[in-house]
Amino acid sequence: MKRILSLILTLVLTLSAFVSCAPAEPENNGQNDLMQNISSTPVASPDPYECILLLRENSTSVNDFALRLFRAGMEEGKNTLISPLSVLAALSMTANGAAENTLAEMEAVLGMPADELNNWFRAYTGSLPESDVCKLSLANSIWFRDDPSFAVKEDFLRTNADYYNAGIHKAPFDETTRDEINKWVEDNTDGMIRDILDKIPNDVVMYLINALAFDAEWAGTYTENRIRDGVFTTEDGVQQDVEMMYSEENRYLEDEHAAGFIKYYKGGRYAFAALLPEEGMRITEYAAGLTGEHLTKMLEDAQITTVNTAIPKFETEYSILLNNTLQTMGMTDAFDPSAADFSGIGQTANDTLFISRVLHKTYINVDSKGTKAGAATVVEMSTECAVEPVTEPKQVYLDRPFVYMLIDCETNMPFFIGTMMDPKA
């Protein structure tokens with residue numbers, strides 16, 4: 001039986017240096033463990049009930065970030081797929097080294113103060129269930145160049161070790177380090193994300209990496225008689241032959257301009273959710289009205305009723321440079337070498353740390369057994385000098401462009417969110 005493997009490689013954060021740098025390394029391969037002389041004090045997680053309360057209290061803020069990132073990253077007429085959880089994890093670790101206005105802008109974009117984000121992620125990882133039928137796991141690591149001109153602050157490393165369980169390594173940042181980082185990523189995404197780094201530029205001084213792996217099957221898989229040929233019509237009116245998967249679900253979503261449904265994975269903690277805008281409304285127009293509060297309420301108010309559904313089989317890849325997206329959202333100083341303040345990370349000889357690139361790539365495959373999905377985000381930092389019961393069944397056939405999400409049902413958080421504009425693209 002095919003497993004549903006949804007993998008997210010969360011943010012790889014690259015810190016670069018204008019003058020000199022050295023790489024960070026993986027464990028058990030001769031690299032130096034930067035935490036060997038640093039006493040880590042793991043932060044106790046609240047009990048599972050307190051975790052869920054904390055997560056639900058902040059669900060609107062997290063979902064609002066997810067939707068702002070999604071909207072800002074959308075491209076007209078193209079399939080889009082973003083992993084908000086991946087981006088949020090990496091940028092939250094990075095925010096622990098930001099200061100002054102750089103930190104204020106990052107916190108405004110991310111939706112919470114850095115210390116609250118730390119507690120949120122600690123609570124979230126503490127709430128994840130151990131299950132053989134459905135698994136969501138996160139891994140974090142920090143790699144930095146072994147160079148006397150780059151001094152990393154112990155408090156920064158300790159905070160990320162305590163709250164994100166980040167492994168800390170220093171290395172020569174040569175080809176061997178590149179291979180070790182790629183191996184770490186591959187191992188922590190069950191082999192779904194490979195060769196994330198093609199090279200380590202000379203000015204790179206640090207990588208912060210978060211990998212997320214999701215593994216689950218549909219609660220109800222599609223039997224052969226529920227898979228039939230169908231037609232998908234794009235926004236431009238082009239008709240495509242597709243395989244449609246039909247099922248009867250029991251959670252119906254609706255707002256003023258869209259109808260949708262929730263389809264669960266085994267165990268019930270995670271689900272696929274889809275929203276189909278009304279006829280004649282473009283996806284960008286519908287997405288413009290989505291907010292975290294609106295999405296949270298819609299998911300919380302899902303109607304219990306029969307929904308006849310159809311999902312096209314689809315497979316898509318997506319990549320985007322998030323620099324403009326994040327700057328549009330309000331994170332400007334972090335990208336400006338004359339304004340960025342990442343003094344909480346460490347010091348370089350005469351240089352200033354700033355984010356030079358944020359790269360995001362994703363992949364998803366939805367078929368009769370379940371879903372495979374993967375995402376990789378690379379943040380490169382460089383240095384530069386200075387309800388009522390319904391009797392009639394609902395029907396939502398995804399035979400034209402739609403918005404879809406993979407959601408955590410305990411927190412109503414989308415850890416993947418995308419648009420399907422063209423199943424053949």
Side-chain angles (χ1 to χ4, degrees), residues 10-15 35 38 40-46 50-51 54-66 68-69 83-127 138-142 144 152-168 206-210 212 292 322 325-327 329-336 339-347 352-355 358 377 379-381 411 413 415:
T10 314
L11 219 50
V12 176
L13 184 109
T14 313
L15 291 147
M35 292 301 290
I38 299 174
S40 175
T41 342
V43 181
S45 297
E50 290 176 338
C51 282
L54 173 62
L55 296 171
R56 287 181 176 172
E57 284 173 4
N58 291 285
S59 61
T60 296
S61 296
V62 174
N63 289 354
D64 193 58
F65 167 76
R68 285 184 289 117
L69 182 70
S83 172
L85 183 58
S86 173
V87 177
L88 187 62
L91 288 177
S92 296
M93 288 196 291
T94 309
N96 284 319
E100 301 298 336
N101 196 58
T102 301
L103 175 61
E105 288 184 349
M106 293 186 76
E107 290 177 333
V109 170
L110 299 177
M112 279 184 273
D115 58 346
E116 291 185 20
L117 283 165
N118 292 339
N119 288 324
W120 187 90
F121 270 99
R122 186 67 179 177
Y124 188 71
T125 54
S127 77
L138 295 91
N140 301 299
S141 64
I142 297 177
F144 65 86
V152 181
K153 290 188 175 180
E154 290 185 3
D155 285 349
F156 170 74
L157 298 177
R158 183 180 293 109
T159 297
N160 283 314
D162 289 349
Y163 287 92
Y164 297 85
N165 197 29
I168 312 295
M206 181 178 284
Y207 289 95
L208 287 84
I209 308 173
N210 169 273
L212 184 156
L322 286 173
T325 299
L326 293 169
Q327 289 179 77
M329 292 170 68
M331 191 187 298
T332 58
D333 278 13
F335 293 90
D336 183 350
D341 186 344
F342 287 102
S343 55
I345 291 178
Q347 292 89 31
T352 300
L353 289 172
F354 71 100
I355 297 176
V358 180
T377 311
V379 179
E380 183 178 87
M381 296 190 70
T411 61
M413 175 190 68
F415 52 93

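Throughout, residue positions are numbered sequentially from 1 according to the sequence presented.
Heavy-atom minimum distance, Met331 versus Ala334: CG-CB, 4.0 Å. In terms of heavy atoms, Leu353 sits closest to Gly346 at CD1-O, 4.5 Å. When every heavy atom of Ala108 is checked against every heavy atom of Arg68, the shortest pair comes out as O-NH2, 4.0 Å. Heavy-atom minimum distance, Leu54 versus Ala123: CD2-CB, 3.5 Å. When all heavy atoms of Val87 and Phe65 are compared, the pair lying nearest together is CG1-CZ, 4.0 Å.
Although no hydrogens or angles enter the test, the distance criterion places no donor-acceptor pair under 3.5 Å between the side chain of Thr159 and the main chain of Phe156. Of the possible polar contacts, one joining the Asn140 side chain to the Tyr164 backbone as a donor-acceptor pair under 3.5 Å is found. Of the possible donor and acceptor atoms, one in the side chain of Arg122 sits under 3.5 Å from a partner among the backbone N and O of Asp162. At least one donor-acceptor pair under 3.5 Å links the side chain of Ser83 to the backbone N or O of Phe415.
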(Q) Using side-chain contact (heavy atoms from CB on, under 4.5 Å), reason through Leu69 and Leu88 one step at a time and then give a plain yes or no. (A) CA-CA 10 Å; Leu69 182 70; Leu88 187 62; over 6 Å; no

Q: Using the side-chain contact (heavy atoms from CB on, under 4.5 Å) rule, take Thr125 and Asn165 through it: C-alpha gap first, then chi angles, then the decisive distance, then the call.
A: CA-CA 10 Å; Thr125 54; Asn165 197 29; over 6 Å; no

Q: Go through Tyr163 and Leu117 one step at a time and tell me if the side-chain contact (heavy atoms from CB on, under 4.5 Å) criterion holds.
A: CA-CA 9 Å; Tyr163 287 92; Leu117 283 165; over 6 Å; no

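For the atom pair CG (Asp336) and CG (Asp341), the distance works out to 12.0 Å, reported to the nearest 0.5 Å. Summarising the geometry, atom CD belonging to Gln327 is positioned 9.5 Å from atom CD1 belonging to Ile355; distances are rounded to the nearest 0.5 Å. With rounding to the nearest 0.5 Å, the separation of CG in Leu110 from CD in Glu116 is 12.0 Å. Rounding to the nearest 0.5 angstrom, the gap separating the CZ atom in Phe121 from the CE atom in Met112 is 7.5 Å. Rounded to the nearest 0.5 Å, atoms CG (Leu208) and CD1 (Ile345) are 6.5 Å apart. Once rounded to the nearest 0.5 Å, the distance linking CG of Leu55 with CG of Asn119 reads 11.0 Å.
Each of Asp115, Asn160, Asp155 was checked for a side chain to side chain donor-acceptor pair (under 3.5 Å) with Asn96, and the lone residue meeting it is Asn160.
Looking at Thr102 and Phe354, their side chains never come closer than 4.5 Å, going by heavy atoms from C-beta outward. Counting heavy atoms from C-beta outward, Asp333 and Glu100 have side chains that stay 4.5 Å or more apart. Side-chain contact check for Gln347 versus Lys153: some heavy-atom pair is nearer than 4.5 Å. Counting only heavy atoms from C-beta outward, the side chains of Asn101 and Glu105 approach each other to under 4.5 Å. Side-chain contact between Leu91 and Leu326 is present, with heavy atoms from C-beta onward closer than 4.5 Å.
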